[in-house]
Student: 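Below is a structure I'd like to ask you about.
These figures come from a predicted structure and were not determined experimentally.
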Amino acid sequence: MPKVATGELRLQAFGVTEPGAGTDTTRISTFARREGDKYVVRGSKIWISRAEHSDLMVLLVRTTPREEAARPSDGMSVLLVDLRKAVGDGLTIRPVRTMLNHATTELFFDDLEVPAENLVGEEGKGFRYILDGMNAERILIASECIGDAKFFIDRASAYARDREVFGRAIGENQGVQFPIARAYVQMSAAELMVSKAAGMFDAGEACGTEANMAKMLASEASWFAADTCLQAHGGFGFAEEYDIERKFRETRLYQVAPISTNLILSHVGTHVLRMPKSF
């Protein structure tokens, strides 16, 4: 951990999502078979960011088949994989080209051997560990969304002050000014939720609901700010030199990943408001 903290070791990859499971994590099929002092891993992962730029990866696998586990969330374990040794020796990393610069990949495990000592925590309890890590991830992404929203609002308001059409600054027009102001209001409210979730996480408190809500509010605030900024810039918003089009594409991701807005609403509806589960 000290080497990770100083940057000497890069731990940036989080191997959870699979092609056949998506956000239904209990249905992952990548399996780690215990053989003496090692695990042998077979399966695949998708949408694993930064795998090509990381030394280590936290990997969620099944160590007990789903049908043999007492509960669907049981029987999963977490392994720490040394990517420097694994690539070319049981692990293949294939980049996935997307509309944004996110360095995401697909992973293929073909009898990858991982030392048994690389098991994180207890075997079979990995899903619980991953959930806690997901809270941190959602708060982190929410914070990134707040930064994106501030970027768009700063660019939009500056452009609205300086850009003149029909003999006056376009920011004088309420049709331009009010959406930018609304974006600022939405961003400020979302930032408070992010701060609350982060404070609860740092205090060691249960914060699953708050992390989810922070991520949802921040992702929607950043997307509204992005759309408003692009509209304010008009045609120039599509020009690469302004950086608007790049950030516009990137910020749309966060209503889909690392968890979709619909699943967040499902969490609030069932766990907070105690309505029936729809799946």
Student: Linking Ile, Leu, Val, Met, Phe, Trp and Tyr by side-chain heavy atoms under 4.5 Å, what else ends up with I46?
Tutor: W47, V96

Student: Looking at CD of Q12 and CD1 of I48, how far apart are the two atoms once the value is rounded to the nearest 0.5 Å?
Tutor: 14.0 Å

Student: Pairs in or reaching into residues 186-206: which pass salt bridge (charged side-chain N to carboxylate O under 4.0 Å, His left out), with residues at least two apart or in two chains?
Tutor: K150-E191

Student: Above 12 or not: heavy atoms from other molecules or residues under 6.0 Å from CD of E240?
Tutor: no

Student: Taking only residues two or more places apart in sequence or in another chain, which ones pass salt bridge (charged side-chain N to carboxylate O under 4.0 Å, His left out) with R97?
Tutor: none

Student: Show every side chain to side chain donor-acceptor pair (under 3.5 Å) that has at least one partner inside residues 227-236, sequence neighbours left out.
Tutor: none

Student: H53: what forms a ring-ring contact (aromatic ring centres under 6.0 Å, His included) with it, not counting sequence neighbours?
Tutor: none

Student: So, using side-chain contact (heavy atoms from CB on, under 4.5 Å) as the criterion, who are the partners of A149 when residues are at least two apart?
Tutor: M187, S222, A225

Student: Is E35 salt-bridged to R33, cutoff N-O under 4.0 Å?
Tutor: yes

Student: Is the shortest side-chain N to carboxylate O distance from D74 to R128 below 4.0 Å?
Tutor: yes

Student: Between D148 and I146, is there a side-chain heavy-atom distance shorter than 4.5 Å?
Tutor: no

Student: Among Ile, Leu, Val, Met, Phe, Trp and Tyr joined by side-chain contacts under 4.5 Å, find the other residues sharing a cluster with M76 and list them by chain and number.
Tutor: V4, L9, L11, F14, V16, I28, L56, V58, L60, V78, L80, V120, F127, Y129, I130, L131, M134

Student: Scan residues 166-191 for pairs that pass ring-ring contact (aromatic ring centres under 6.0 Å, His included), counting only residues two or more places apart or in two chains.
Tutor: none

Student: State whether F31 and R42 meet the cation-pi test: NZ (Lys) or CZ (Arg) under 6.0 Å from the six-membered ring centroid, and within 45° of the perpendicular axis.
Tutor: no

Student: Taking side chain as C-beta onward, heavy atoms only, is L79 less than 4.5 Å from V61?
Tutor: yes

Student: Got a sec, which hydrophobics cluster with I259, joining ILVMFWY side chains under 4.5 Å apart, including via others?
Tutor: M216, L263, I264, L265, F279

Student: Do L91 and L119 belong to the same hydrophobic cluster, where Ile, Leu, Val, Met, Phe, Trp and Tyr are linked whenever their side-chain heavy atoms lie under 4.5 Å apart, directly or via other members?
Tutor: yes

Student: For R274, which residues count as a salt bridge (charged side-chain N to carboxylate O under 4.0 Å, His left out) partner, sequence neighbours excluded?
Tutor: none

Student: Output the rest of the hydrophobic cluster of F224: all Ile, Leu, Val, Met, Phe, Trp and Tyr residues reachable through side-chain heavy-atom contacts under 4.5 Å, sorted by chain and number.
Tutor: none

Student: With a 3.5 Å cut-off and no angle check, do the side chains of E18 and T30 form a donor-acceptor pair?
Tutor: yes

Student: With sequence neighbours excluded, tell me which residues meet salt bridge (charged side-chain N to carboxylate O under 4.0 Å, His left out) with E52.
Tutor: none

Student: Any salt bridge between R168 and E164, counting N to O under 4.0 Å?
Tutor: no

Student: Does a donor on one side chain sit under 3.5 Å from an acceptor on the other, for E220 and Y254?
Tutor: no

Student: Is the number of heavy atoms from other residues, nucleotides or ligands within 6.0 Å of CZ (R182) greater than 12?
Tutor: no

Student: Does any part of the side chain of E210, heavy atoms only, come nearer than 4.5 Å to the side chain of M193, both counted from C-beta?
Tutor: yes

Student: Just so I know, are the side chains of D132 and F201 near enough to count as touching, which here means a heavy-atom distance under 4.5 Å?
Tutor: yes

Student: Going by the ring-ring contact (aromatic ring centres under 6.0 Å, His included) test, name the single residue among W223, F238, F151 that passes it with F248.
Tutor: W223

Student: Do any N or O atoms from the side chain of T270 and from the backbone of S266 form a donor-acceptor pair under 3.5 angstrom?
Tutor: yes

